[in-house]
Amino acid sequence: MTRSFLYFVISLMFAVGGYFLSCCDDCPTCQTDEDTPVQPCRLYAFDSMNQFIMSMDVPADTIIDSIRVDYYGAEIFVTPDGTRLLVMRYDHENGHRMEIYNTTDLSYLQSYDLYGEYFFDGTDNYGVCMSSDSICFIDPNSLVIQGSAHHMPYPGYAAFLDTVTNTFFVKFHRDSDTASVIYWYDCNTEAFVDSLAFPLTRGSVTAIAYNWLTDDLYMTSKMKTGLAFFYQYDFALDSIISRFVLSEASGSIAVTPNGREIYMTDGGHGMFGYIPPRPIWIIDAFTHQPITWVPPYDTARVILPFFHNTYFTSDGKRAYIEANSSSGGGVPIVVIDTRTHELIKSISPYLAFTSDIVLGMVPES
């Protein structure tokens with residue numbers, strides 16, 4: 001067998017979706033047989049409306065522990081070792097800060113001044129913190145800044161960490177040429193790599209994601225209230241290869257662990273009454289076309305479809321989706337079976353419930 005023919009066979013198998021490729025230590029966990037149970041993990045949720053933090057068992061989806069807090073806040077994150085929960089706290093008198101909790105029992109540990117969005121790889125011993133004016137590479141255990149910070153010319157509003165290529169993407173707005181600009185950094189060297197200008201004639205970028213498997217960049221952009229777009233950009237072709245119309249660019253984009261599907265939420269706007277007709281999109285990474293749209297209801301009720309971030313279990317068999325900030329407190333956490341593309345459950349401890357969620361390892365007791 002010639003080398004060229006062998007390369008052709010390998011390329012053909014990859015192009016049809018990688019169904020013949022085997023997993024290795026350097027690639028994400030592949031989805032397996034439908035009868036295999038979901039890998040256990042923990043879901044943590046911060047309900048700023050009710051000032052409530054909870055820890056939930058996955059896949060049982062039952063609350064293990066919960067605490068009350070005396071503040072309002074935003075996103076939550078969990079350290080790669082699964083031991084600490086990081087909660088971003090609003091504090092206009094003393095400045096925003098982060099509160100840290102023990103994941104085993106949600107006991108309070110300490111406050112920390114490095115407020116922002118946290119991204120962890122989990123295997124390569126680094127983390128990224130994006131604050132209002134800089135990007136800092138941090139030690140994932142101590143959370144201390146390591147190396148120099150990259151100061152941003154304008155606040156970043158969307159970011160994505162690809163843990164396969166160890167590339168961090170972040171979006172800025174550049175007034176000089178009225179463009180949304182996406183920068184990316186090599187997390188191994190902590191160095192700036194390149195940038196991509198996205199003209200405002202295509203809208204203002206609100207969410208981004210990158211697919212290591214196809215070398216595609218995904219973006220949502222807002223043209224005006226009630227009109228937005230989802231773009232798929234091919235780095236190899238240096239061009240946009242598909243575009244879909246959305247109702248509002250208030251959702252998010254997520255790539256399944258095996259890279260074969262993209263979950264995109266069209267978040268709508270609860271305060272303005274923009275209800276997206278297709279709130280949860282599932283897109284094939286190879287054909288760039290929708291596989292299906294998940295309707296916003298389960299066996300118990302119809303759900304107001306104001307969704308935001310999507311998080312996958314490590315085996316890729318379930319997706320957990322939180323509400324967006326415009327939901328008004330009436331949207332539960334929804335659970336998608338990624339093997340059947342069905343909404344199988346909704347989770348809401350309160351009738352009026354807001355959720356910022358994150359998935360983490362099962363902590364050692």
Side-chain angles (χ1 to χ4, degrees), residues 46 48 71-80 84-100 110-121 124-163 166-200 203-210 217 219-222 249-250 252-253 308-309 324-326 356 358:
F46 176 41
S48 187
Y71 56 84
Y72 300 101
E75 293 89 354
I76 63 172
F77 310 94
V78 64
T79 54
R84 285 161 296 163
L85 183 66
L86 316 178
V87 183
M88 300 304 113
R89 171 178 181 162
Y90 293 152
D91 192 332
H92 296 290
E93 293 183 0
N94 303 311
H96 295 348
R97 62 183 189 271
M98 177 173 70
E99 305 291 2
I100 304 178
Q110 67 180 101
S111 288
Y112 196 57
D113 291 334
L114 193 57
Y115 180 95
E117 293 188 52
Y118 283 76
F119 303 82
F120 295 106
D121 173 74
D124 292 331
N125 201 35
Y126 73 85
V128 183
C129 176
M130 184 180 72
S131 65
S132 61
D133 62 355
S134 64
I135 296 169
C136 306
F137 290 91
I138 62 173
D139 182 282
N141 298 309
S142 65
L143 305 180
V144 173
I145 297 174
Q146 55 186 19
S148 60
H150 297 263
H151 293 282
M152 300 188 292
Y154 295 94
Y157 296 103
F160 183 86
L161 174 62
D162 178 50
T163 60
N166 292 325
T167 306
F168 183 70
F169 297 83
V170 61
K171 172 258 178 177
F172 308 106
H173 176 70
R174 189 167 67 194
D175 288 335
S176 60
D177 56 4
T178 60
S180 294
V181 183
I182 298 169
Y183 292 0
W184 54 96
Y185 297 83
D186 184 328
C187 297
N188 295 317
T189 62
E190 301 181 5
F192 169 79
V193 177
D194 208 342
S195 64
L196 172 69
F198 190 78
L200 290 184
S204 177
V205 173
T206 59
I208 56 177
Y210 172 75
L217 186 71
M219 299 166 280
T220 55
S221 70
K222 182 174 181 177
S250 59
S252 70
I253 311 165
H308 193 222
N309 287 326
N324 70 32
S325 58
S326 76
D356 287 286
V358 68

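For the numbers below, each heavy atom of this structure counts, side chains included, while hydrogens, waters and symmetry mates do not. This one's a predicted model, so the numbers in the text were calculated from it and none came from an experiment.
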Rounded distance [0.5 Å steps], [atom1] in [X] versus [atom2] in [Y]:
| X | Y | atom1 | atom2 | value |
| --- | --- | --- | --- | --- |
| Ser252 | Asn309 | OG | CG | 4.5 Å |
| Asn188 | Glu190 | CG | CD | 9.5 Å |
| Asn125 | Cys187 | CG | SG | 12.5 Å |
| Ile182 | Asp194 | CD1 | CG | 11.5 Å |
| Ser325 | His308 | OG | NE2 | 7.0 Å |

With no hydrogens and no angle check, is any side-chain donor or acceptor of [X] less than 3.5 Å from a backbone partner on [Y]?
| X | Y | result |
| --- | --- | --- |
| His96 | Tyr115 | no |
| Thr206 | Ala249 | yes |
| Lys171 | Val205 | yes |
| Ser48 | Gly73 | yes |

**OP:** Count the heavy atoms belonging to other residues, nucleotides or ligands that lie under 6.0 Å from CG of Asp113, then report whether that count exceeds 12.
**Re:** no
Would you say that [X] contacts [Y] through its side chain, given a criterion of any heavy-atom pair below 4.5 Å between the two side chains?
| X | Y | result |
| --- | --- | --- |
| Leu217 | Leu196 | yes |
| Leu143 | Arg84 | yes |
| Tyr118 | Leu86 | yes |

Subject >> Residue pair Thr79, Leu85: steps toward the side chain to side chain contact (heavy atoms under 4.5 Å, CB included) verdict >> reply: CA-CA 7 Å; Thr79 54; Leu85 183 66; over 6 Å; no
Non-hydrogen atoms of [X] and [Y] that approach each other most closely:
| X | Y | value |
| --- | --- | --- |
| Ile135 | Met130 | CG1-CG, 4.4 Å |
| Gly203 | Ser180 | O-OG, 4.3 Å |
| Asp139 | Ser142 | OD1-N, 2.9 Å |
| Ile208 | Ala158 | CD1-O, 3.9 Å |
| Phe119 | Ala159 | CZ-CB, 3.7 Å |

All side-chain contact (heavy atoms from CB on, under 4.5 Å) counterparts of [X], not counting sequence neighbours:
| X | result |
| --- | --- |
| Glu99 | Tyr71, Arg89, Arg97, Tyr101, Tyr108, Ser111 |
| Asp121 | Thr123, Asp124, Tyr126, Thr163, Asn166 |
| Ser134 | Ser131, Cys136, Ala149, His151 |
| Ala209 | Phe160, Tyr218, Ile253, Val255 |

**OP:** Please identify each residue that fulfils ring-ring contact (aromatic ring centres under 6.0 Å, His included) with Tyr185, with sequence neighbours left out.
**Re:** His150, Phe192
Subject >> Partners meeting ring-ring contact (aromatic ring centres under 6.0 Å, His included) with Phe169 (sequence neighbours left out) >> reply: Trp184, Tyr210
Original post:
How about Ser204 and Ser221: does a side-chain donor come under 3.5 Å of a side-chain acceptor?
Top reply: no
**OP:** Assert yes or no for the condition that the ring centre distance of Phe77 to Phe120 is strictly below 6.0 Å.
**Re:** no
Original post:
Under the side chain to side chain contact (heavy atoms under 4.5 Å, CB included) criterion, do Val144 and Leu114 qualify, and how do the steps go?
Top reply: CA-CA 9 Å; Val144 173; Leu114 193 57; over 6 Å; no
